[in-house]
There are 2 protein chains.
Amino acid sequence: MESKPNIQDVANLANVSIATVSRVINNQGGVRKVTEERILKAIKELGYIRSAAARTMKLKETNTIGVIVPDIKNPFFPLVMAGIEQKAREKEYFTILSSTNESPKIEEEIVKNFIERGVDGVIITTANENGDHLKLLEEQGIPVVAVDRSIKKLEVDTVLVDNKKGAYQAVQQLILQGHEKISIICGPLNTTPGLERYLGYQQALADYKIDLDDRYVIQGDFGEQSGYQCTEKLFGLDEKPTAIFSSNNMMTIGCMKALEDLNWRLGSEVSFIGFDDVDIATFLNPKLSVVARPMNSIGEIAFLLLHERIGLKGNLPKREYSLAPELKIRQSCRLVNQTF
Amino acid sequence: MESKPNIQDVANLANVSIATVSRVINNQGGVRKVTEERILKAIKELGYIRSAAARTMKLKETNTIGVIVPDIKNPFFPLVMAGIEQKAREKEYFTILSSTNESPKIEEEIVKNFIERGVDGVIITTANENGDHLKLLEEQGIPVVAVDRSIKKLEVDTVLVDNKKGAYQAVQQLILQGHEKISIICGPLNTTPGLERYLGYQQALADYKIDLDDRYVIQGDFGEQSGYQCTEKLFGLDEKPTAIFSSNNMMTIGCMKALEDLNWRLGSEVSFIGFDDVDIATFLNPKLSVVARPMNSIGEIAFLLLHERIGLKGNLPKREYSLAPELKIRQSCRLVNQTF
DNA sequence: TTGAAAGCGCTAACAA
DNA sequence: TTGTTAGCGCTTTCAA
């Protein structure tokens with residue numbers, strides 16, 4: 001085939017008008033059986049595939065949703081993505097994914113590009129919760145669902161896990177085992193998960209009348225490297241913590257690497273709970289206790305919320321969906337009196 | 001803003017013709033400074049964003065490439081994807097990603113959808129190496145680059161790792177340590193990586209005059225579950241293997257879980273090397289030896305090859321790029337006489 | 001430096 | 001049951 005055939009080519013070959021071809025392509029009925037077959041044959045013969053661009057121009061809808069994540073290499077997001085895709089496919093929606101690398105600038109480009117492409121909706125874990133750069137979406141009337149991180153300046157549906165509760169439970173568990181010198185490796189406090197997990201930590205300490213010690217609150221950036229470095233810092237403290245709570249999966253991995261390199265013995269010398277389950281959790285010795293999140297459900301719910309909005313075009317109130325995390329106690333947290 | 005503004009709205013507001021607006025949007029010059037500013041102001045005021053659909057219709061290019069992977073949950077692919085995206089962004093290309101779940105049927109739908117959308121090229125790890133369903137792409141003159149798995153019925157550029165060599169080195173290592181009862185957990189033999197890794201295994205045994213024992217050749221499907229089950233089967237053998245080579249990352253994880261559940265002691269009772277590095281590798285005790293692949297480079301090269309083709313439209317000969325894997329020897333393979 | 005107008009491939013309203 | 005035709009929003013040629 002030389003250049004791509006269009007609907008006119010099909011019509012010519014089948015000896016009908018383009019309107020009739022269109023009817024067949026879109027299964028609208030009202031076409032005589034024989035005619036339809038002739039058209040189908042022509043389509044096959046030419047290898048005709050309709051142009052989404054032309055179609056979009058008429059219909060103003062693409063049946064496509066855009067997904068924006070900050071770091072495709074963080075396994076959390078592919079898992080959420082899988083949930084989104086699954087539901088999307090059921091509703092005959094198509095999904096396109098882009099990763100911002102945590103850069104608000106790239107995120108803005110992607111948003112603009114998604115709008116150009118006419119996505120019907122966007123699911124986003126933003127690199128900048130402030131949300132100014134997302135105003136564009138609002139202006140265009142494109143529904144947005146925020147996942148994992150909320151968006152300040154935008155009234156959008158949000159799917160979160162109860163971060164505070166998850167962190168609270170983890171720290172509570174450590175406290176109940178007798179720990180008092182409990183450190184938190186924080187995520188960025190200008191992100192929802194970073195802040196809320198810190199708040200959970202704080203709350204747990206307060207509820208059990210343990211003074212918050214600034215030396216034990218240490219600032220990471222959700223990256224593996226920073227988990228490593230934070231752990232090193234904690235190890236360098238005169239009075240080392242007896243327990244560590246890590247605010248996300250990547251930092252947990254970095255933390256584990258550091259523990260090993262520092263020969264700081266997990267479980268016996270330092271108890272540990274991390275936010276988010278990780279592959280390595282059950283392979284470590286002792287096995288890692290974690291706060292687990294239902295990634296697949298998060299994705300599914302995000303799509304469902306978005307889909308409702310796309311259907312309506314009207315004004316649903318802003319909805320917030322909060323899923324319960326699950327504390328999985330394995331072996332990496334020990335009674336403190338077993339520590340020495 | 002009520003409904004999306006178009007180029008005409010901008011032209012009206014700025015009191016010029018749409019042609020002039022178009023010139024400004026596309027930085028074509030030849031517009032008086034003041035006029036340009038007026039137009040820019042109008043664009044900002046209206047929040048105008050040009051329609052990709054309309055643009056594509058005229059230009060027949062989208063500056064978009066499609067990426068198709070079989071399983072977005074396998075960390076290998078996000079890593080490759082990161083390499084692709086990085087290079088793509090440099091060349092101002094945009095990337096859309098879809099996952100087939102290893103279903104050729106879904107893959108076909110995605111391909112069709114990508115064509116409808118007018119992607120300028122496709123990078124694919126196909127769920128069906130036969131490739132009949134990809135003929136469409138060829139017919140439409142859309143360049144394709146195959147990654148990790150080649151495509152039989154299509155003349156396309158391919159980026160592979162030297163699977164056979166990687167497997168060979170792994171098995172050789174085991175042999176040199178004195179192992180003779182070496183098992184392979186195969187991937188599907190109708191896939192390039194599945195087959196080639198098996199061939200490497202076979203070759204190594206042959207070169208070292210070790211008879212291939214069918215009981216030790218066991219068939220998995222690249223999934224975690226199957227890694228688990230295969231390991232169970234091996235454990236059930238009267239004469240257990242003293243070493244296992246696993247053909248991919250997910251099966252390696254399943255295998256490790258099984259080893260633990262079976263209390264089959266890694267390193268001491270059974271040596272192990274896996275294809276593909278995994279997060280858990282360095283956390284296991286002993287640490288896992290693996291054949292590692294340069295995922296990021298694979299992605300980068302795939303995009304570069306594709307980009308060349310998109311530029312040319314002409315007939316480059318089919319190219320095959322084979323990257324060298326790296327055998328990372330850690331601790332999970334031991335001299336066989338240390339085994340007992 | 002600017003504008004008028006054709007046409008990209010499609011859908012759908014209207015006509016036959 | 002089928003065909004004619006008007007746009008959708010844009011780029012680009014040609015003319016002014």
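Side-chain atoms are counted along with the backbone in the values below, which use heavy atoms only and exclude waters and symmetry mates. Lettering of chains follows the sequences in order, A, B, ..., and the numbering in each one begins at 1.
OP1 or OP2 of D:dT2 sits under 4.0 Å from a side-chain N or O of A:Thr35.
Side-chain atoms of B:Asn113 and B:Glu109 form no donor-acceptor pair, as typed in the model, at a separation below 3.5 Å. No side-chain N or O of B:Thr158 forms a donor-acceptor pair with one of B:Ser150 less than 3.5 Å apart. Checked by atom type, the side-chain pair A:Arg55/A:Asn26 shows a donor-acceptor distance below 3.5 Å.
For the pair B:Arg38 CZ and C:dT1 P, the computed distance is 14 Å after rounding to whole Å. Distance B:Asn12 CG to C:dG3 P: 11 Å, rounded to the nearest Å.
Under 4.0 Å is where a charged nitrogen must lie from a carboxylate oxygen, and between B:Asp157 and B:Lys318 no such pair does.
Listed for the B:Thr95 side chain is no donor-acceptor partner under 3.5 Å among the backbone atoms of B:Ile65. The backbone N or O of B:Tyr93 sits nowhere less than 3.5 Å from a side-chain atom of B:Asn63 that would complete a donor-acceptor pair. Side-chain N or O atoms of A:Arg38 include one that pairs as donor or acceptor with a backbone N or O of A:Ala14 at under 3.5 Å.
Overall bending of the helix from C:dT1-D:dA16 to C:dA16-D:dT1, expressed as the angle between end axes built from five pairs apiece, is 40° (10° steps).
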Treat primed atoms plus P, OP1 and OP2 as sugar-phosphate and everything else as base, then score nucleotides 6-16 of chain D 5' to 3': B for base contact with protein heavy atoms under 4.0 Å, S for sugar-phosphate contact only, - for none.
BBBBBBBB---

Checking side chain to side chain donor-acceptor pair (under 3.5 Å) for the pair B:Thr62/B:Asp120: CA distance, chi angles, key distance, verdict?
CA-CA 6 Å; B:Thr62 54; B:Asp120 298 337; 3.2 Å; yes

